[in-house]
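Single-structure report; data block below.
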Amino acid sequence: MNRLTVFLWTCTLMLSNYLQSRDMSLEDIIDSEEYDQMKTFAVSSLCATAWFMHKILGIVEGSRDHKSDAITTVCQYILDNLEEDLSRKMLAKLVFMSEDYLSKQFMRAVGMTLPAYIAQKRMEKAKELLEYPDIKIGKVAMRVGYSNFSYFSKTFHDYTGFTPNEWRMYHLHGTEDTWKEPEKNPERIADRSCGLRPVYALPH
């Protein structure tokens, strides 16, 4: 083991202890694959080692102020890209966090999981779009990220208590006096993937 490797190992150990004292880890603030690549490069020369430490310390310093900005960025990106495949991996890379760390910080800040938040925003947008009769229901599904119409319809029904067509017809022709509210079945609960509760209230 050469001196650079020993020095790097010592610095990394000190950094790990520092992060641990703040309930964090290197894996929380940087992708493990990227970190391994940086560490491999760092032992190639003294300049590379200095670059590595500067880079890591910058990430650590920025992470303290980065959390709230990162969650805001993720939320806004979700709202602007509901039709896209909003995977946890992609969102984590967007804000330079590990997937697990993003999930933990998102839950703390927003009070729900990432999948639950995404599904909720997609359903809210779908309700808005369904009020426009010129937009076909299949097109609505695509615009909120569902390529499978049956799955979209089931998820929408679980979330609102109405099928997409029922929601649309109510807004076009219905009134609270003539609309028949669906049977309230407690077993017919939220989207399986994200734990949303159905909302059996008449739309407004």
Side-chain angles (χ1 to χ4, degrees), residues 12 15-16 18-41 52 55-130 138-160 164 188-199:
T12 302
L15 183 59
S16 295
Y18 170 81
L19 291 172
Q20 188 175 9
S21 69
R22 285 156 178 75
D23 193 30
M24 297 171 64
S25 69
L26 280 171
E27 290 75 16
D28 288 336
I29 61 176
I30 187 170
D31 180 75
S32 58
E33 183 178 347
E34 181 183 0
Y35 176 69
D36 288 340
Q37 291 174 351
M38 290 170 58
K39 195 162 62 171
T40 299
F41 172 71
F52 173 80
K55 181 78 171 178
I56 291 297
L57 290 173
I59 293 173
V60 171
E61 180 67 24
S63 68
R64 293 184 296 183
D65 301 321
H66 180 53
K67 293 178 187 176
S68 60
D69 289 342
I71 301 306
T72 300
T73 297
V74 167
C75 288
Q76 190 59 53
Y77 185 89
I78 290 170
L79 292 176
D80 293 341
N81 298 275
L82 291 173
E83 74 282 3
E84 301 295 332
D85 178 18
L86 299 169
S87 68
R88 189 177 71 154
K89 181 177 182 180
M90 182 275 293
L91 293 171
K93 283 189 174 182
L94 177 69
V95 292
F96 306 101
M97 288 182 172
S98 70
E99 295 178 43
D100 289 341
Y101 189 60
L102 172 60
S103 294
K104 182 169 65 175
Q105 294 303 319
F106 192 91
M107 184 67 183
R108 285 179 178 175
V110 181
M112 65 175 70
T113 65
L114 262 172
Y117 181 84
I118 292 168
Q120 182 187 75
K121 297 307 176 185
R122 281 174 165 163
M123 292 301 100
E124 289 175 357
K125 185 63 177 179
K127 289 191 294 183
E128 294 177 13
L129 294 174
L130 286 167
K139 187 68 173 178
V140 171
M142 295 291 290
R143 287 178 62 174
V144 295
Y146 291 87
S147 58
N148 186 314
F149 176 77
S150 296
Y151 185 67
F152 165 71
S153 184
K154 179 69 170 67
T155 303
F156 189 88
H157 188 272
D158 286 341
Y159 183 72
T160 65
R188 188 175 54 203
I189 59 173
D191 183 78
R192 285 73 52 207
S193 63
C194 56
L196 290 174
R197 289 184 174 277
V199 182

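Partners of Ser153 under the side-chain hydrogen bond (donor to acceptor under 3.5 Å, both in side chains) rule, at least two apart in sequence or in another chain, do not exist in this structure. In this structure, Arg143 has no side-chain hydrogen bond (donor to acceptor under 3.5 Å, both in side chains) partners at least two apart in sequence or on a different chain. Considering only residues two or more places apart in sequence or on other chains, Phe41 meets the ring pair (Phe, Tyr, Trp, His ring centres under 6.0 Å) condition with Trp51.
For the atom pair CD1 (Ile78) and CD (Gln120), the distance works out to 11.0 Å, reported to the nearest 0.5 Å. Atom CE of Met112 and atom OH of Tyr117 lie 8.0 Å apart (nearest 0.5 Å). In this structure, Leu94 CG and Tyr77 OH are separated by 6.5 Å, a value rounded to the nearest 0.5 Å.
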Step by step, would you call Lys121 with Leu82 a side-chain contact (heavy atoms from CB on, under 4.5 Å)? CA-CA 8 Å; Lys121 297 307 176 185; Leu82 291 173; 4.0 Å; yes
Walk me through whether Met123 and Thr160 qualify under side-chain contact (heavy atoms from CB on, under 4.5 Å). CA-CA 8 Å; Met123 292 301 100; Thr160 65; 5.6 Å; no
What do the steps show when you test Leu86 against Arg122 for side-chain contact (heavy atoms from CB on, under 4.5 Å), and what is the final call? CA-CA 11 Å; Leu86 299 169; Arg122 281 174 165 163; 3.9 Å; yes
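Closest of all the heavy-atom pairs between Met107 and Thr113 is SD-N, 3.6 Å. Annotation for Ile118 and Leu91: closest pair CD1-CD1, 4.2 Å, computed over non-hydrogen atoms. Across all non-hydrogen atoms, the minimal contact from Ile71 to Ala109 is CG2-CB, 3.9 Å. Summarising the geometry of Pro164 relative to Phe156, their closest heavy-atom pair is N-CD2, 3.6 Å, with the distance given to 0.1 Å. Closest approach of Ala70 and Val95 over heavy atoms only: O-CG1, 3.6 Å. In terms of heavy atoms, Leu114 sits closest to Arg88 at CD1-CG, 4.0 Å.
Between Lys127 and Glu124 there is no salt bridge, since none of the side-chain N atoms of the basic residue sits less than 4.0 Å from a carboxylate O of the acidic one. Under a 4.0 Å N-O distance rule, the pair Asp100/Lys104 does not qualify as a salt bridge.
Judged by distance alone, with hydrogens and angles left aside, the side-chain atoms of Asn148 form a donor-acceptor pair with the main-chain N or O of Tyr151 at under 3.5 Å.
Surrounding CE of Met142 are at most 12 heavy atoms belonging to other residues, nucleotides or ligands under 6.0 Å away.
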